[in-house]
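Here is how names work: the chains are called A, B, and so on, in the same order as the sequence lines, proteins then strands, and each is numbered from 1.
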Amino acid sequence: MMLWIKMAMRNLLRNRRRSTFTILAIGFGFAGVTLFGGFVHYLTASLRELEIYGRANGHMTLLKEGWDHAGATEEDTTFSGEELAVIKRLLDEHPAVIAVNPMMLVSGILSDGLVSSVCYGTASVPSTLSYIRGYARGVLGEFRYYEGESLEDDVPFGIGVSRGLMNALGVELGDSVVLAGNTASGHFNAVDCVVRQIFETTGDQSERFIALHLEQARLLRDADGAHRVGVLLRDEAYLPEFMEWLRPQLAEAGIEAGMRTWVEMSNFYRRVSEMFNVINGFNLAIVLIIAVMTVINTVSMSVMERTREIGTLRALGLGTPGVRGLFALESAMIGILGAALGLLLQLAGWVTVRVLEPTWVPPQINVEMPLLVYLVPRDMLISTLGVIILAVASALLASRKASEMEVVDALRHN
Amino acid sequence: MALYELSGISRTYHMGEIAVTALQAVDLVIDIGELIAVMGPSGSGKSTLCHLLGLLDAPTSGQILMDGQDLSTLEEGRRASLRNQKIGFVFQDFSLVPVLSALENVQLPLMFHAGGVHHSGRRAAEALAAVGLAEHAHHRPNQLSGGQQQRVAIARALVTEAEVVIADEPTANLDSESAAGIMELIVKLNAERKTTFLLSTHDARLLAHIPRKIVLRDGRIVEDRREAAS
Ligand SMILES: Nc1ncnc2c1ncn2[C@@H]1O[C@H](COP(=O)(O)OP(=O)(O)O)[C@@H](O)[C@H]1O
Ligand SMILES: [Mg+2]
């Protein structure tokens with residue numbers, strides 16, 4: 001076996017230039033794909049965090065069954081105070097649950113007395129919101145969600161307004177505003193608020209958005225309960241099992257609730273990750289095609305140059321599979337060296353990004369974010385094996401004809 | 001005991017419309033341990049005969065028995081392993097693998113042996129010593145003279161303890177001194193090891209010690225002469 005490897009190695013060295021360029025082509029292609037893949041991972045992981053932690057929706061959301069039916073009434077869309085209490089009690093029983101975030105959605109008019117604007121908002125208990133955000137581990141772990149102060153449990157009138165709303169109304173931090181809207185029973189109502197923070201919206205939100213205390217929303221709507229309940233688990237892995245457990249519990253308690261995973265809740269995540277996965281796949285396809293072509297070309301050339309030698313080896317008793325094995329081995333080495341170079345380049349790219357800390361404004365996000373690439377060991381392993389397997393397959397393909405040539409024809413070749 | 005029995009062997013090459021008959025109705029018996037020279041001008045069919053005997057090619061018609069076994073029905077995989085175990089080749093242009101040392105070249109046929117061979121390094125070293133090249137074991141072919149390269153090729157043919165070594169014009173690319181050395185070596189190995197040797201040549205000057213000479217002309221055996229070795 002050693003001799004086979006030695007022979008393959010030296011044959012690669014025999015055509016140093018050609019082998020080098022083939023290895024470089026594979027290496028750069030490998031690094032390009034894995035780095036971009038690492039970037040896509042970073043991106044989708046960040047969007048996932050945004051959904052689960054940033055927006056505090058948790059791993060899954062409980063919604064009133066029928067909340068999205070046409071003509072849904074207030075009762076169809078809202079968990080009552082009693083229902084919410086039952087839900088909370090149920091959720092608290094489960095050991096995987098670490099946070100429960102009842103949310104109320106409001107829409108209304110925000111006014112500073114001179115100018116008014118429509119607005120939409122989500123209301124949560126501030127401490128719950130920051131508790132859930134605190135679990136984010138990626139870029140969002142140290143993300144500043146707003147300018148100004150945090151919302152506080154004991155300041156129910158404090159609200160956050162989006163930059164779009166701030167511009168429309170011309171309000172500043174600390175300004176008093178009035179939030180007007182309808183109560184659950186359809187009456188007109190208004191509450192006084194103070195702007196505590198300014199935040200940026202993302203492309204999937206209205207640019208006229210507010211964040212408020214759950215109590216303030218209840219005051220405005222003159223209702224208790226919640227529209228949705230976000231549930232944060234210890235780990236996403238518990239999700240299917242947890243949902244299995246919860247479904248009959250809810251039914252037994254007589255609560256008509258629908259369950260949505262965070263992926264189902266986030267159109268934004270699905271669309272963005274689909275788009276980038278398509279780009280990633282396209283990239284991968286191009287690189288694979290180029291790599292396969294390069295290897296086929298390289299092997300074809302050495303097969304041609306060494307036809308006579310193939311004849312000799314076959315005269316000495318090497319079978320057809322052996323000939324193909326010989327070229328496959330050489331090609332596997334090209335693949336291994338190419339993948340090794342690719343891994344090195346990938347690491348170099350990763351380190352460079354780490355050191356330079358570039359930032360960018362992602363599409364639809366409106367906030368300058370660090371640009372990162374993740375190292376994904378599983379992808380690195382798959383890419384490495386993939387490159388080697390493809391190299392071997394290309395070699396088998398390229399050497400097929402020569403290996404099946406009549407020995408005498410090969411011997412006459414020069 | 002017959003190693004080969006050829007009866008009515010013909011080999012015709014087709015090149016488009018043109019058919020070239022390289023061998024025609026050849027009958028031949030080769031016994032174990034013989035040393036045979038196949039002579040004839042260029043194009044007379046010497047290489048074709050070597051290829052047929054060496055299982056590199058199959059006849060268009062006729063039958064070849066080796067050790068009583070009909071070779072014409074064998075599929076290529078089986079032929080390859082027979083070549084590996086029973087036949088050693090020596091070519092006019094030495095045909096050493098350039099990236100391997102002399103020793104590694106000699107080891108090569110042992111590597112091709114199904115199931116592997118023990119002590120292949122030692123056996124290769126012994127074969128190299130038998131052709132007088134023990135000191136050149138680690139030289140690459142391009143560091144060896146033509147005569148030395150051909151000796152390596154002979155060692156490579158012998159290392160598997162082949163029944164027969166087929167050498168197609170082994171001296172054609174050598175100066176006369178090296179050529180004489182190679183012939184001497186072949187005669188000596190045949191005498192010592194009782195390995196059957198069949199060599200082709202178009203140079204009659206080197207054949208003083210060859211006991212059997214076959215002359216081919218236009219694909220036919222025109223002479224088959226045995227002499228008592230001098
Ligand atoms: N592969 C082939 N295709 C066509 N003709 C061939 C082929 N091999 C040999 N021949 C022809 O067969 C005849 C005998 O060739 P060969 O056995 O090589 O003779 P020698 O070795 O005595 O010079 C020649 O006329 C040669 O041109
Ligand atoms: Mg010839």
Exercise for review: Select one option (side chain, backbone, both, neither) describing which atoms of B/Arg78 are under 4.5 Å from chain A's heavy atoms.
Suggested key: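 For B/Arg78, there is no contact with chain A at all, as no heavy atom is under 4.5 Å.
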Practice item. Under 4.5 Å heavy-atom distance to chain A, tell me which part of B/Phe94 shows up: side chain, backbone, both or neither. Key: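 Contact with chain A: none, neither part.
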Between atom [atom1] of [X] and atom [atom2] of [Y], what is the distance when rounded to the nearest 0.5 Å?
X        : Y        : atom1 : atom2 : answer
A/Met7   : B/Gln107 : CE    : CD    : 11.0 Å
A/Thr312 : B/Arg156 : OG1   : CZ    : 6.5 Å
A/Leu313 : B/Ser95  : CG    : OG    : 9.5 Å
B/Met111 : A/Leu318 : CE    : CG    : 8.5 Å
A/Met2   : B/Ser120 : CE    : OG    : 12.5 Å
A/Leu316 : B/Phe112 : CG    : CZ    : 6.0 Å

Heavy atoms from other residues, nucleotides or ligands near [atom1] of [X] exceed 12 (cutoff 6.0 Å):
X        : atom1 : value
A/Arg14  : CZ    : yes
B/Glu135 : CD    : no
A/Arg271 : CZ    : no
A/Glu404 : CD    : yes
B/Asp218 : CG    : no
A/Arg400 : CZ    : no
B/Tyr13  : OH    : yes
A/Tyr238 : OH    : no

Heavy-atom side-chain contact between [X] and [Y] under 4.5 Å:
X        : Y        : answer
A/Leu411 : B/Leu56  : yes
A/Arg10  : B/Glu104 : yes
B/Pro98  : A/Glu309 : yes

Exercise for review: Please name the pair of heavy atoms, one in A/Gly319 and one in B/Ala80, separated by the smallest distance, quoted to 0.1 Å.
Suggested key: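 Distance-wise, the nearest heavy atoms are CA-CB, 4.1 Å.
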Check your understanding: In terms of heavy-atom proximity below 4.5 Å to chain B, should A/Arg308 be classed as side chain, backbone, both, or neither?
Key ->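 The side chain, not the backbone.
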Review point. Does any heavy atom of chain B fall under 4.5 Å from the side chain of A/Arg314, the backbone, both, or neither of them?
Key: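 Both backbone and side chain of A/Arg314 come within 4.5 Å of chain B.
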Practice item. Starting from the C-alpha separation in whole Å, work towards a yes-or-no answer on side-chain contact (heavy atoms from CB on, under 4.5 Å) for B/Leu100 and A/Leu3. Key: CA-CA 9 Å; B/Leu100 298 182; A/Leu3 193 50; 4.2 Å; yes
Exercise for review: Just do the side-chain contact (heavy atoms from CB on, under 4.5 Å) check on B/Arg83 and A/Val407 with the steps written out, would you?
Suggested key: CA-CA 12 Å; B/Arg83 283 200 293 273; A/Val407 187; 3.9 Å; yes
Practice item. Evaluate the criterion side-chain contact (heavy atoms from CB on, under 4.5 Å) for residue pair B/His51 and A/Glu406; output intermediate values, then yes/no. Key: CA-CA 11 Å; B/His51 293 156; A/Glu406 294 295 334; over 6 Å; no
